[in-house]
Trainee: 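To start, I am sharing the structure in question, which I have written as structure tokens.
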Amino acid sequence: MTRALASWALTALMLLIVLAALEFVEHAGRLGWAGLNGEAAWSRFNSQIAAANIGIYAHMLTGAVITVLAPLQLIPVIRRRLPALHRWSGRVLVVLALVTGLGGLSYIALQGTIGGAHMSVAFAIYGLLVLLCAVQTIRHARARHWLDHRDWALRLFLLAIGSWLYRVHYAIWEPLTGRAGMDFSFTGWFDQVNLWAFYLPYLALLELALMRQGRGLFGRARA
Ligand code: HEM
């Protein structure tokens with residue numbers, strides 16, 4: 001595949017992801033906004049702990065934005081033709097990813113998840129990885145380690161769309177199997193598998209792809 005064709009294919013894939021994720025993004029954005037404005041009294045995410053409420057609703061709002069921003073950030077033509085836009089939206093993405101990760105982690109620490117310890121651990125590791133990848137992405141950009149920057153940005157992208165992928169897995173599984181392994185407290189076997197399946201396999205596949213380029217598993221070569 002020529003470079004130009006690969007670049008258009010990547011652009012099309014990213015736009016497709018943004019379009020497909022819009023319904024979830026709207027749900028997350030609306031619920032986050034309503035919760036922060038005290039207009040979601042009906043929501044199961046409200047607790048007596050104000051900090052937990054702010055954390056979970058803020059994470060939904062910023063999470064909605066990063067689900068869209070992360071794929072757009074990978075579009076080659078924007079990076080090449082509008083580098084200032086790429087830099088600024090990159091900084092915004094990193095800050096919002098940090099808020100998303102910290103908001104989710106604060107809710108887990110203060111309130112705990114609906115699925116209990118297993119869900120809390122899986123989501124907490126997910127949140128810590130979001131924080132790590134956000135910090136590494138900007139750190140390597142500032143140090144002009146472009147290959148490391150790209151690798152960490154790809155990891156961050158997979159994590160940023162991970163929350164949407166979590167729902168996509170359910171959207172595929174539910175009609176195919178009639179809710180096999182699912183229950184309403186998220187403790188069915190499929191629920192348990194999906195707690196890890198929405199980010200670990202995708203990260204592993206990325207590492208394999210990077211290894212084929214002589215990189216992966218946290219890089220070292222500078223370019
Ligand atoms: C990447 C973008 C993200 C988006 C768009 C997002 C969005 C959402 C939404 C909409 C919900 C509520 C689900 C519902 O309506 O039932 C939720 C729940 C939750 N999210 Fe996120 N999230 C994101 C990332 C994260 C991260 C990085 C963490 C890290 C800790 C996290 C932790 C949680 C937790 C703990 C819950 C509550 C689980 C429960 O008890 O039901 N999320 N998220």
Side-chain angles (χ1 to χ4, degrees), residues 17-36 39-49 51-74 92-137 152-171 174 182-188 191-192 194-200 202-203:
I17 289 175
V18 170
L19 279 177
L22 277 185
E23 193 182 333
F24 167 63
V25 165
E26 195 201 350
H27 164 70
R30 271 183 194 279
L31 185 53
W33 181 255
L36 287 175
E39 290 162 6
W42 43 269
S43 160
R44 74 174 169 87
F45 293 103
N46 292 319
S47 72
Q48 302 297 325
I49 310 164
N53 297 346
I54 293 171
I56 194 74
Y57 289 124
H59 116 282
M60 287 178 198
L61 192 57
T62 55
V65 181
I66 71 168
T67 307
V68 170
L69 258 191
L72 295 180
Q73 195 67 6
L74 295 191
V92 171
L93 174 57
V94 165
V95 171
L96 296 183
L98 293 178
V99 176
T100 306
L102 291 172
L105 286 168
S106 66
Y107 180 80
I108 294 169
L110 296 168
Q111 176 65 25
T113 61
I114 190 172
H118 187 191
M119 183 185 255
S120 293
V121 169
F123 279 15
I125 293 174
Y126 169 53
L128 291 172
L129 287 174
V130 168
L131 298 183
L132 173 72
C133 292
V135 169
Q136 290 291 71
T137 301
W152 285 102
L154 289 172
R155 294 177 184 115
L156 181 61
F157 156 73
L158 289 179
L159 292 167
I161 65 163
S163 229
W164 169 66
L165 290 172
Y166 177 80
R167 275 86 184 168
V168 170
H169 291 179
Y170 276 113
E174 207 175 327
M182 292 169 58
D183 67 36
F184 290 100
S185 49
F186 295 89
T187 49
D191 300 312
Q192 311 266 337
N194 200 29
L195 287 176
W196 304 97
F198 77 94
Y199 64 100
L200 287 186
Y202 297 104
L203 288 177

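From a predicted model like this one, the values you see are computed outputs, not experimental measurements. Whatever order the structure lists them in is the order used to number ligands and atoms, beginning at 1.
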Trainee: Please check if any side-chain donor atom of Asn53 sits under 3.5 Å from a side-chain acceptor atom of Tyr107, or the reverse.
Mentor: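 No pair is found: no donor N or O on one side chain lies under 3.5 Å from an acceptor on the other.
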Trainee: Please identify which atoms of ligand 1 are closer than 4.0 Å to at least one heavy atom of Ile66.
Mentor: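 Counting atoms of ligand 1 from 1, those under 4.0 Å from Ile66 are 1 (C).
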Trainee: Please confirm whether the backbone N or O of Leu159 pairs with a side-chain atom of Tyr126, one donor and one acceptor, at under 3.5 Å?
Mentor: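 Yes.
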Trainee: Which protein non-hydrogen atom lies closest to atom 15 (O) of ligand 1, naming both residue and atom, and how far is it?
Mentor: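 The closest heavy atom on the protein side is His27 NE2, 2.7 Å.
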Trainee: Enumerate the atoms of ligand 1 whose separation from the nearest heavy atom of Ile56 is less than 4.0 angstrom.
Mentor: 19 (C), 34 (C), 36 (C), 37 (C)
Trainee: Give a yes/no on ligand 1: does Phe24 have at least one heavy atom closer than 4.0 angstrom to it?
Mentor: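 The answer is yes, since Phe24 has a heavy atom less than 4.0 Å from ligand 1.
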Trainee: Under 3.5 Å, side chain of Asn194 to main-chain N/O of Ala197, donor-acceptor pair present?
Mentor: no
Trainee: Does Gln192 reach the main-chain N or O of Thr187 with its side chain, forming a donor-acceptor pair under 3.5 Å?
Mentor: yes
Trainee: Contact between ligand 1 and Phe45 is defined here as a heavy atom of the residue under 4.0 Å from a ligand atom; is it met?
Mentor: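 It does, in that a heavy atom of Phe45 comes within the 4.0 Å cut-off of ligand 1.
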Trainee: Checking Thr137 side chain against Trp152 main chain: does a donor-acceptor pair fall under 3.5 Å?
Mentor: yes
Trainee: Using a strict 4.0 Å cut-off to heavy atoms of Thr113, name the atoms of ligand 1 that fall inside it.
Mentor: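 Listed by number with element: 35 (C), 40 (O).
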Trainee: At a 4.0 Å threshold, what atoms of ligand 1 neighbour a non-hydrogen atom of Ile108?
Mentor: 30 (C), 35 (C)
Trainee: With side chains defined as the heavy atoms from C-beta onward, is the minimum distance between Ile17 and Phe157 less than 4.5 Å?
Mentor: yes
Trainee: By number and element, which atoms of ligand 1 are closer than 4.0 Å to a non-hydrogen atom of Ala160?
Mentor: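 Per the distance check, 1 (C), 2 (C).
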Trainee: Within a distance under 4.0 Å of any heavy atom of Gly127, pick out the atoms of ligand 1 and give their elements.
Mentor: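 Within the 4.0 Å cut-off of Gly127, ligand 1 contributes 29 (C), 30 (C).
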Trainee: Which is closest to atom 41 (O) of ligand 1 in terms of heavy atoms, Met119, Arg44, Gln111?
Mentor: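 Looking at heavy atoms only, Arg44 sits closest to atom 41 (O) of ligand 1.
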Trainee: Centre of Trp33's six-membered ring, under 6.0 Å away, within 45 degrees of the axis: is that where NZ or CZ of Arg30 sits?
Mentor: no
Trainee: Under 3.5 Å between some N or O of ligand 1 and some N or O of Thr67?
Mentor: no
Trainee: Any idea which protein heavy atom is nearest atom 40 (O) of ligand 1, and the distance to it?
Mentor: Ile114 N, 2.7 Å
Trainee: For atom 13 (C) of ligand 1, which protein heavy atom lies nearest, and how many Å away is it?
Mentor: Arg167 NH2, 3.2 Å
Trainee: Using a 4.5 Å cut-off on heavy atoms from C-beta on, say whether the side chain of Trp196 contacts that of His118.
Mentor: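 Counting from C-beta outward, His118 and Trp196 do come under 4.5 Å.
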Trainee: What do you reckon, is CD of Glu174 surrounded by more than 12 foreign heavy atoms closer than 6.0 Å?
Mentor: yes
Trainee: Please list the nearest protein heavy atom to atom 24 (C) of ligand 1 with its residue and the distance rounded to 0.1 Å.
Mentor: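 Heavy-atom neighbour on the protein nearest atom 24 (C) of ligand 1: Thr100 CG2, 3.6 Å.
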Trainee: Could you check whether any side-chain N or O of Tyr199 sits under 3.5 Å from a backbone N or O of Ala122, counting only pairs where one atom can act as donor and the other as acceptor?
Mentor: yes
Trainee: Taking only non-hydrogen atoms of Arg30, do any sit less than 4.0 angstrom from ligand 1?
Mentor: no
Trainee: Give me the nearest non-hydrogen protein atom to atom 21 (Fe) of ligand 1 as residue plus atom name, then the distance to 0.1 Å.
Mentor: His59 NE2, 2.0 Å
Trainee: Going by the closest heavy atom to atom 6 (C) of ligand 1, which one wins out of Ala97, Ser163, Ser185, Ala64?
Mentor: Ser163
Trainee: Heavy-atom contacts with Phe123 under 4.0 Å: which atoms of ligand 1 show up? List them by number with element.
Mentor: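 What qualifies from ligand 1 is 29 (C), 30 (C), 33 (C), 34 (C), 35 (C).
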Trainee: Give the atoms of ligand 1, by number and element, whose distance to some non-hydrogen atom of Leu105 is under 4.0 Å.
Mentor: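 In order of numbering, the contacting atoms are 30 (C).
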